[in-house]
Amino acid sequence: MDTKSETKKVGAVLVLGGGIGGIQASLDLAESGFLVYLVESSPAIGGVMAQLDKTFPTNDCSMCILSPKLVEAGRHRNIGIITQATVEGIEGEAGNFKVAVKKAPRYIIEDKCTGCAECAEVCPVQRPSVYEEGLAQRKAIYRPYVQAIPNIFTITKNERPPCTTTCPINTNAQGYIALIRQKKFKEALTLIREKNPLPFICGRVCTHPCETECNRKDVDEPIAIMALKRFLADYELAYGAEEIQPAQRNKEEKVVVIGSGPAGLTCAYDLVKLGYGVTVFEALPIAGGMLAVGIPNYRLPKEMLKIEVEAIQKLGVEIKLNTPIGKDLTIDDLRGQGYKAIFIGVGAHRSRKLNIPGEDSEGVVHGTDFLRELNLGKEVKVEEKVAIIGGGNVAIDTARSAIRLGAREALILYRRSREEMPASDEEIEAAQEEGVKIQYLVAPVEILCENDKVTGMKCIRMELGEPDETGRRRPISIEGSEFTVDTEMVIPAIGQAPDLSFLPEGKFGVGRGDTLDVNSISLETNVPGVFAGGDAVSGPATVIEAMAAGRRASNSIDRYLRGENLKDNREKEFMTTTHAPLDIDISKVDKEPRQSMPTIPVEERRGTFNEVERGFSEDMAVQEAERCLDCGICSECMECVEACKAEAVDHRQKEEIIELNVGSIILAPGFDEFEAQLKPEYGYGRFPNVVTSIQFERILCASGPFQGHLQRPSDGKEPKSIAFIQCVGSRDFSCDRPYCSSVCCMYAIKETIIAKEHAEDVKPTIFYIDMRTYGKDFDKYLERAKEEYGVRFIRSRVSEVQQTAETENLMIKYESEDGGLFTEEFDLVVLSVGLNPPKQAAEMASKLGIELNEYNFARTDPFRPMETSQPGIFVCGAFTGPKDIPETVTQASGAASCAESMLSPARGSLVMERELPPEIDVTGQEPRIGIFVCRCGINIGGYVDVPQVVEYAKTLHSVVYTEDNLYTCSQDTQERIKAMIKEHNLNRVVVASCTPRTHEPLFQETIREAGLNRFLFEMANIRDQCSWVHMHEPEKATQKAKDLVRMAVARATLLEPLHKVTLGLSHDALVIGGGIGGMTAALKLAEQDFTTYLVEQEKELGGWARRVHFPLNGENPQGFLQSLIEQVKTNSLIEILTDTVVTKTEGFVGNFKTTLASENGQKQRLVEHGVIIVATGAKEYRGTEFLLGQNEKVLTLSDLEEKLVNSPQEVTRIKNIALILCVRPAGENYNYCSRVCCTVAIKNALKIKEISPEANIYILYKDIRTYGFKEELYTKARKKGIIFIRYTDEKPPEVRSTDGKFEIDILEPILGEELILSSDLLVLATPMIPSETNEELSRILKVPLTKEGFFHEAHVKLAPVDFASEGIFMCGTAHSPKFIDEAIAQAQAAVGRATTILAKNQLEVGGAICQVDREKCIACLTCVRACPYGAPYINKEGLAEIEVAKCRGCGICVAECPRKAIKLFHYKKEQVEAKIEALLTAVV
Amino acid sequence: MKHEMISENHFEPVIVAFCCHYCAYAAADLAGIMRLQYPPNIKVIKLPCSGTIDVLHILKAFELGADGVFVAGCLEGGCHFVEGNIRAKRRVDRAKAILDEIGLGNERLEMFFMSSSEGIRFAEVAREMTEKIRKLGPSPLKGV
């Protein structure tokens, strides 16, 4: 980058948050010429909207309307989606930021994953699904939901589980336990062998540190991990093992291992697998070291060892028995034989001596010698009474062996107490069961002999002193406590030392206890190339520790032979004992005892060395494995790696930091649900049938946990009565959420309606404070719920929810409006949880340096609703305060336009345009079709006989090339398709694979890159419509696949190339209406260098805002208005046309021509422009209700505001004042909520209180609708003593004028009494009604109005400022009543949408659209009436013609045309019927 | 069961399903993703909108021997082309009247509304339609 880059504007924007807000902002930016990075913290975009079932107030399916946006964002060339990522840090300034983004590993190679879900099928680990709000389980490898974009999987991993980290060789215990649960025993054993060459042995004699640290111990008992491992060994023994293939020898070097104990065997196993030649030299006639000669058969049968050793030999390790190193074969000799490295693992076989008198007598045998003789099958005799000295496993083994050999009495003497005894607990217990006696705190002093025969032993009692260097308390003899033990044989087993006499003297360093000195990390001795480990280095230790030493040495030897550093980065080889916290609540896990190991009866053990433990049965093993808590979440069992035919799984992925250079940032992190547990009185988390509203959405959803069956979680029964509790975590000081969450009333109503649609007889009840249905058409929705669906609404406060134990029904205690206390029973309770700021808000704010409000939502200014406190960083959606989808989408487009204004000079600088080859002209060519049939791994290939389909396809007419692919969508196949098009001169391509909804654009792009027109492509969906839905009928699935391919080919034959037409366009804009909305729109367009005509019918600019004087929250409305007018007037790109109206508009998107008339139509002017923004505003209704217009003391809200400004002194004289809200004229027309009146009334009431604190103010209302943070004003008003009295439609207030005052009769609902209020002034909140010009304008622009006369948007939820006709937008109160900040957001949104058109150099229109055959047309106007977009018109010749730029290609006119004069390209009659014919003529 | 179905005398109806791109086709995809099993007798033809369906397409299918036909579009009010689905329903009704007139009976033709998240519904519709047509027996127009 050059040095100027500091100040240069960057044409890229980072959008943080992939919910609907982030998606909309991204799409608008990308379409306006900016590169977008869409950064989302979860694995997929979609946000909360993806979880919703339906949307209010139209009951549209949420996923239906969202999904096309997801797909569009997912495949947009200028949107880069970065998932599982968060912003780490930011540098630079507005216009040029450097942002560090941290991306968590998915463990999936994103461009290889095809989303086929085979991995999840095999994954053994489950976790509650976040998407399903915990009502269903998902696997450790998962995608959040099936329509997820990107449609790829991800793996959840905690840190590695304690069982694995505490294992000295990191055997993946969680992994094989998970596989046992799935009865994948073979796979489990294979997984063990990845790390552990001796499962048969470790399943029997390991000291299992894994079990000591197992988290299950905190629930009940640890998992019997060792026994499970043994079960797998037993299983293999019973059912046979697969033939072991020798490891591939790919390295020249040979290595020597001296000693075939666990250290040597592990080292040899590792090295042979790495490709080295390995020879093991063993002095004894049997391999296995201490495993062979130290552990008796009843614990470790020799066959087990034999199996393991043979397996290692089969891998290619050569073992030379009876070959001691030393005299005849020295270490130097070995080097001479070409061995490049040596591992010494000779163990510690030399018994330590007691060094007491009598030790050399005949009846004294040392423990290791005793066991070795026994294990080598020599005859070993014991006396009747045997005393064993020591406390380790050797002592126990010796004692238990002595019993088996016929000793009547076996006594172990140990000089410390039980606590310090190193032998394992199971061993000690088993020994005692078998009759072994143990005396603690006793040490031998002298062995008493007669004629070289032992007759007894003199001992002394000990006590424990201070801890010694081993950490154990030192035994100290108690003077004078000597006593004699009666015994005939003494077996000292007090420890062993290595026998290093075979080594050349003085050459090797030897340390304490006669052990070899080695480097602690590399295990290299002082002689280069010679390594050592196991008991020979550590002194006597455990099998698993010896194996770990072998592993460590093998790693060193490999490094040594490859000339690498022996010590770098090896810390991780050490086991750890600190573990990550569990992700589950351990207190909620049901207790389940550990399986106990079956053993042979004690009485059967004497006289035999048969194995004592019998091992788990299959059922026991599976049950035991079920107890595992899956602490690491992903168990790394590697089944997914095996299952993924696309080779997309990579468990080694690491977190990465991505540096992004962007000009601006848009924050769209959304919201978090209020945590219902914070209101414990409602029982959430304790009672299964209390659910949150979002859980209820999932319950209702057809793709949800219950497939859309209305049922309750506890028992799956269909609830007959459902209670909805409103304001859970909203309007509530007790949990620090005083604000209103704005959307809950509506979503609760929606949920009741949908519930009723699911089950007609269900009775929903909503417990609420105020019904806040303040949006466009919301009141109608409320009425529908009441009238059509019979939903019960109870104005109340719910104090408590209790559960009835037997039925798990719920008792709701509530206080009604008139103070009555009630209890009512319900089957299900839904908590309407509020919207909280996102949890990461504070952290994000501090990283980005933006300010938050007191609740942790982003702080914004009402006149700059999408700007944060940090220049260049904008915000949209619920992060600015609770709001619904359309407002979020509005702010998103608005935020996009803010970023565009700032980055306008860099527009188009970073977007990618692809160079494409010229198109091949296929006209007149015979069809030459190429067919690519996808196996989709096994998703298709596993059920449909793909080769058969390919063979069949060859027989079809016009097919000249066929092939099958493992994955037709993979990158290399795209290249192949292109190559085959060239090689075989293909002019049509058919892909038989999955759904065209997601994959058609990809293949179309591919064939286009090969020079074929995109429309010469057809798909057969043989996965979603064939293999997956007919899995159990492979023959029929194959037949159907052939049918679908035949149909596709038939249509492909008739496909024609289609071309979009490019049109030039005007880059100017027309804004109709000069209020705040219109002026903001004009100014924002001008900021982006687009010339704008601002038309206002009045003589001056400003609109309604001229009458707004007081702030809601500190702002200055008039100051803002004046400055806005000033800016508009001085902007050279804005031409202001006041006193002007639109009289005629012709043309279409990009090419409008509008006639403007001024001076009462005297002056006319024609302007050309590319877009239109309608901002005609609204006005206050002035009727005759309550003496309005007849009595000067009756004011509207605006009148009051002006009075407060112009003559406040009048106000100070007022003692009593009443404000009546919801004053509507009779009749249907204005029967909607005007959204602002409650807040404005309260605002002005507070102003009166400010001027005249003594005044009595009465606000007469139906529902107070101070949504969002406006609730603060309501709270303040009540604190200030303003009196709120509710009235109903049935009993509206009655007003009488008497003596210059008013008397108002009203029924006070709390007291239930009629009151008479006296008032000096009467203020009426009348509706905000549409501008009377709307009707005329709607006719001129051919855009629709609502019944009330406001403009009707293209889509209530996702296109809130668009008209169905392209290129025309709306903003402000022309759309519906709203506040200034909302109008500004809409104005900016309209600009954000408009620039997606204006920013283009040319428009592409046409393609798969309709065309009229002029020969057939009779100009009957059917098409003109049928088209939802106004595309057909009657041309100069009097015939119907379709405006190419307006046609969306739905084909409705085609079907409606009585003369069949219209065709829809790409779906022409013959193209559709070709499929029907192909299907039926071959089958019938 | 399986053997029964491939026995020679057993009637396997051929059913053409005209599905709109946005909802019904998406619901069929979801049925696939959810591995819901339904009879292979249903063959889907995708249209941009259910409103694209022409009475002639429906009649053509019957003429060529289809045993059943259904048209599936978005939920009422949820059409991506405003009210194409409602128009489709009217045309299906018209086609039904024609089927009655020519004596084929209107039961072989249906119109369904479903959202894109109703994979289960698609599979149900496929099963129900197959069962119904199986009961009605082969179309008398077959092989005419």
Side-chain angles (χ1 to χ4, degrees), chain A residues 53 58-65 67-68 117 146-147 701-703 707-708 994-998 1021 1023-1033 1035-1037 1039-1040 1043-1044 1047 1364 1408 1426 1428 1448-1452 1454-1456 1460 1464 1467 1469 1472-1473 1475-1477 1479-1481 1483-1484, chain B residues 2 5-6 14 16 18 21-23 25-49 51-57 60-61 64-66 74-75 77-78 80-84 87-88 91 114-121 123 126 142-143:
Chain A
D53 176 37
T58 52
N59 291 356
D60 262 338
C61 163
S62 187
M63 189 55 81
C64 290
I65 55 177
S67 184
V146 294
Q147 301 92 337
C701 186
S703 59
Q707 288 84 47
C994 52
T995 173
R997 285 175 54 251
T998 54
N1021 188 347
R1023 187 184 74 180
D1024 305 60
Q1025 289 174 12
C1026 203
S1027 63
W1028 275 351
V1029 290
H1030 315 309
M1031 295 175 108
H1032 310 311
E1033 302 168 275
E1035 281 166 30
K1036 290 190 171 184
Q1039 183 52 48
K1040 182 172 171 184
D1043 294 343
L1044 296 180
M1047 291 161 76
R1448 303 270 178 99
C1450 64
I1452 290 172
V1454 180
E1456 293 286 321
K1460 296 294 150 208
L1464 168 58
Y1467 288 93
K1469 183 170 178 285
V1472 174
E1473 290 184 356
K1475 282 197 152 184
I1476 306 173
E1477 268 169 51
L1479 169 65
L1480 293 161
T1481 44
V1483 178
V1484 179
Chain B
K2 202 167 147 190
M5 284 178 68
I6 45 179
V14 180
V16 181
F18 294 102
H21 172 91
Y22 284 97
C23 289
Y25 198 90
D29 282 348
L30 187 59
I33 295 167
M34 293 166 81
R35 315 294 203 266
L36 303 173
Q37 303 297 299
Y38 59 79
N41 308 58
I42 307 293
K43 310 291 187 316
V44 173
I45 294 178
K46 182 166 79 90
L47 296 175
C49 172
T52 317
I53 190 70
D54 199 314
V55 175
L56 292 178
H57 295 326
K60 185 78 176 178
L64 293 174
C74 304
L75 290 178
H80 286 240
F81 299 103
V82 188
E83 50 170 25
R87 290 178 180 277
R91 288 187 217 129
M114 60 185 73
S115 84
S116 70
S117 38
E118 292 183 311
I120 294 169
R121 172 133 172 83
K142 250 189 172 73

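Letters A, B, ... mirror the listed sequences (proteins, then strands); counts begin at 1.
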Okay, Gln147(A) and chain B: the region with an atom under 4.5 Å from a heavy atom over there is side chain
- prompt: Are side-chain heavy atoms of Lys1469(A) and Leu56(B) found at a separation under 4.5 Å?
  reply: yes
*Could you walk me through whether Lys46(B) and Tyr1467(A) pass side-chain contact (heavy atoms from CB on, under 4.5 Å), step by step?*
CA-CA 10 Å; Lys46(B) 182 166 79 90; Tyr1467(A) 288 93; 3.6 Å; yes
One option among Gly84(B), Ala26(B), Cys74(B), Cys23(B) has the most heavy-atom pairs under 4.5 Å with chain A, and it is Ala26(B)
*Any ion pair linking Lys1460(A) and Asp54(B) (charged N to carboxylate O, less than 4.0 Å)?*
yes
Ranking Ile120(B), Leu75(B), Asp29(B) by heavy-atom pairs under 4.5 Å to chain A gives rank one to Asp29(B)
Interface check, chain B: of Cys994(A), Pro996(A), Ser62(A), most non-hydrogen pairs under 4.5 Å belong to Pro996(A)
Honestly, the part of Leu1464(A) sitting under 4.5 Å from a heavy atom of chain B is side chain
Scored by heavy-atom pairs under 4.5 Å with chain B, the best of Asp1024(A), Val1029(A), Ile1452(A) is Val1029(A)
Residues passing the side chain to side chain donor-acceptor pair (under 3.5 Å) test with Ser1027(A), sequence neighbours excluded, are none
Interface check, chain B: of Ser703(A), Cys1450(A), Ala1364(A), most non-hydrogen pairs under 4.5 Å belong to Cys1450(A)
Honestly, the part of Ala1426(A) sitting under 4.5 Å from a heavy atom of chain B is both
Applying a strict 4.5 Å limit to non-hydrogen atoms, the region of Leu47(B) in contact with chain A is both
The reported gap from OG in Ser116(B) to CZ in Arg121(B) (rounded to nearest 0.5 angstrom) is 14.0 Å
From the list Gly119(B), Ala88(B), Pro39(B), the residue making the most non-hydrogen contacts under 4.5 Å with chain A is Pro39(B)
Comparing Arg1023(A), Met1031(A), Gln707(A) against chain B, the one with the most heavy-atom pairs below 4.5 Å turns out to be Met1031(A)
Angle class for the His1030(A)/Tyr38(B) ring planes (parallel below 30°, perpendicular above 60°, tilted otherwise)? perpendicular
Highest number of heavy-atom pairs under 4.5 Å with chain A among Ser117(B), Ser115(B), Ala126(B) belongs to Ser117(B)
Exercise for review: Check whether any side-chain N or O of Gln37(B) sits under 3.5 Å from a backbone N or O of Arg35(B) as a donor-acceptor pair, and report yes or no.
Suggested key: yes
Cut-off 4.5 Å, heavy atoms of chain A, and the answer for Arg91(B) is side chain
Bottom line for Tyr25(B): the part with an atom under 4.5 Å from chain A's heavy atoms is both
Interface check, chain A: of Val16(B), Val55(B), Val44(B), most non-hydrogen pairs under 4.5 Å belong to Val44(B)
Note: vs chain A, highest number of non-hydrogen pairs under 4.5 angstrom among Met34(B), Lys60(B), Glu118(B) is Lys60(B)
- Check: Ile1476(A) and Leu64(B) side chains under 4.5 Å, non-hydrogen atoms: yes
CG (Leu1480(A)) and NZ (Lys142(B)) are apart, to the nearest 0.5 Å, by 7.5 Å
When rounded to the nearest 0.5 Å, the distance separating CD1 of Ile45(B) from CD of Glu1473(A) is 9.5 Å
Given Cys64(A), Cys1026(A), Ala702(A), the one with more heavy-atom pairs under 4.5 angstrom with chain B than any other is Cys64(A)
Sorted by chain and residue number, the side chain to side chain donor-acceptor pair (under 3.5 Å) partners of Asp53(A) (sequence neighbours excluded) come out as none
Heaviest contributor of heavy-atom pairs below 4.5 Å to chain B, chosen from Val1472(A), Val146(A), Thr998(A), is Val1472(A)
